Number of protein chains: 2
Amino acid sequence: MRIGELSKATGVDVETIRYYEKAQLLSAPARSDNGYRTYTQAHLERLAFIRHCRALDIPLAAVQRLLTFVDSPQSDCGEIDQLIDAQLARVRARLASMHALERQLMALRGQCTGPHSAAECGILHDLVAAAHGEACVCHQN
Amino acid sequence: MRIGELSKATGVDVETIRYYEKAQLLSAPARSDNGYRTYTQAHLERLAFIRHCRALDIPLAAVQRLLTFVDSPQSDCGEIDQLIDAQLARVRARLASMHALERQLMALRGQCTGPHSAAECGILHDLVAAAHGEACVCHQN
DNA sequence: AGAATCCTTGGAGTCACTACAGGGTCAAGC
DNA sequence: GCTTGACCCTGTAGTGACTCCAAGGATTCT
Ligand SMILES: [Zn+2]
Ligand SMILES: [Zn+2]
Ligand SMILES: [Zn+2]
Ligand SMILES: [Zn+2]
């Protein structure tokens, strides 16, 4: 399988596949006489594994760790759990901060009521007031 | 005010302040005889404004646009609204995808029940199964 | 005088790609 | 035989918003 075929089969961009190779996530494939990369079914599965992990927003460093477990099935799965737990914690932390952000932005957005000059815009007013150390509608509690 | 004092007054790292200057968000301050930057109260407020926007995760390019409105108060505030709306939309999009991610990761996490070998770990099983094109617990709907 | 702290510039590193630039290879069509 | 177009190669630079470091100059404390 050439790189373009692998790309089509997995939906992963050609440049991304080469990037994974350089980043040591995908082992360097054999080369044909003209220097083209030739992939096997094993490469395809490994790439699919990586993309599935990335769909869960797992960092590549953690994906690399997970791949070592695929290769050594007899080792204990404790670290796998840890990696997923860490990812879950990260997602939850971001979820919470995104929630707070949404509230703050909605409050801020509500300060502008229709078209007027920037000098009279409640949004700008609030942002400037906060920069002066005064209370802002978005961060008041 | 020297850069260290400004840093302490605002809680913004010295390197970040210099970065904002290079990125043209903060105008270049006067220099004293020894070449040290000397900031005014106006700089402090501008920096606080930037940080407040950043607390709302507004991209620096958008912060730059907002700053032009601070400087020209007679212009119409329509673009201000647009910028905040765009930010709100971005936050909501990320919120939705973080929600989905949390569900997926919880489902995946539930596959591992106690300590065992990687070969028997439900998490790894699921990830590998998905790479084979089979259904995975995290993305099944 | 010497040490600690501050300031300067410039460049490299982060993450996970993405986008070239400048070339080589190969099959089909004329 | 030649051109066209689709592929492939390497290597480098860019993204956003910082963060870290090296190598040196200035100031301040003891
Ligand atoms: Zn307005
Ligand atoms: Zn606020
Ligand atoms: Zn397990
Ligand atoms: Zn899945």
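For clarity, every value in this text was computed on a predicted model and none was experimentally measured. Sequence lines set the chain letters: A, B, ... in the order given, protein chains first and strands last, and positions in each chain run from 1.
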Q. Within the pair B/R51 and D/dA17, is there a side-chain N or O less than 4.0 Å away from OP1 or OP2?
A. no
(Q) Rounded to whole Å, how long is the line connecting atom CD of B/Q24 with atom C1' of D/dA17? (A) 16 Å
Q. Of the non-hydrogen atoms in B/F49 and A/A131, which two are nearest, and what is the gap between them?
A. N-CB, 3.4 Å
Q | Atom-to-atom span, CG of B/L26 to P of D/dC18 - whole angstrom | A | 12 Å
**Q.** Most 5' of B/K8 and A/D57 on DNA chain C, judged by nearest nucleotide
**A.** B/K8
Q: Please determine, for the side chain of B/I3, which listed nucleotide (D/dC9, C/dA16, C/dT8) has the closest atom?
A: C/dT8
Q. What is the distance from atom CD1 of A/I3 to atom CD of A/E15, rounded to the nearest 0.5 Å?
A. 8.5 Å
Q | Gap separating the CE atom of B/M106 from the CG atom of B/L101, nearest 0.5 angstrom | A | 11.0 Å
(Q) Does a side-chain N or O of B/T16 approach OP1 or OP2 of D/dA17 to a distance below 4.0 Å, or not? (A) no
Q) Side chain of B/N34: nearest nucleotide among C/dT9, D/dT27, D/dC9? A) D/dT27
Q) Is A/V12 reachable from A/Y36 through a run of hydrophobic residues whose side-chain heavy atoms are each under 4.5 Å from the next? A) no
Q: Report the distance from atom CG of A/D13 to atom P of C/dC20, rounded to the nearest whole Å.
A: 12 Å
Q. In whole angstrom, what separates A/E21's CD from C/dC17's C1'?
A. 16 Å
Q: Mind calculating the distance between CG (A/L6) and P (D/dC9) to the nearest angstrom?
A: 11 Å
Q) Could you give the distance from CE (B/M1) to OG1 (B/T10), rounded to the nearest 0.5 Å? A) 9.0 Å
Q.
Check the phosphate of D/dC9 against A/R18, side-chain N and O only, distance under 4.0 Å to OP1 or OP2. Yes or no?
A. yes
Q | Pairwise 5' ranking along DNA chain C for B/G4 and B/E15, keeping only the more 5' one | A | B/G4
**Q.** Matching residue for B/Y20 among B/H43, B/R46, B/R51 - test: side-chain hydrogen bond (donor to acceptor under 3.5 Å, both in side chains)
**A.** B/R51
Q: For A/I17 and D/dC8, give me the distance from atom CD1 to atom C1', rounded to whole Å.
A: 13 Å
Q. B/Y20 side chain N/O closer than 4.0 Å to the phosphate oxygens (OP1, OP2) of D/dC18?
A. yes
(Q) Measuring from the side chain of B/Y36 (C-beta onward, heavy atoms only), which nucleotide among D/dC7, D/dA17, C/dC6 has the closest atom? (A) C/dC6
Q. Hey, does B/K22 reach any base, or is it just sugar-phosphate, or nothing, if we go heavy atoms under 4.0 Å?
A. nothing
Q. Is there a donor on the side chain of B/E5 or the base of C/dC6 sitting less than 3.5 Å from an acceptor on the other?
A. no
(Q) If I take atom CG in residue B/L60 and atom P in nucleotide D/dT19, what distance separates them, rounded to the nearest angstrom? (A) 11 Å
Q. Quick one: is A/R37 getting a side-chain N or O under 4.0 Å of the C/dT25 phosphate, OP1 or OP2?
A. no
Q: Starting at atom CZ of A/R2, determine the distance to atom P of D/dA6, rounded to an integer number of angstrom.
A: 14 Å
Q) Is there a donor N/O on one and an acceptor N/O on the other, under 3.5 Å, for the side chain of B/Y19 and the base of D/dG16? A) no
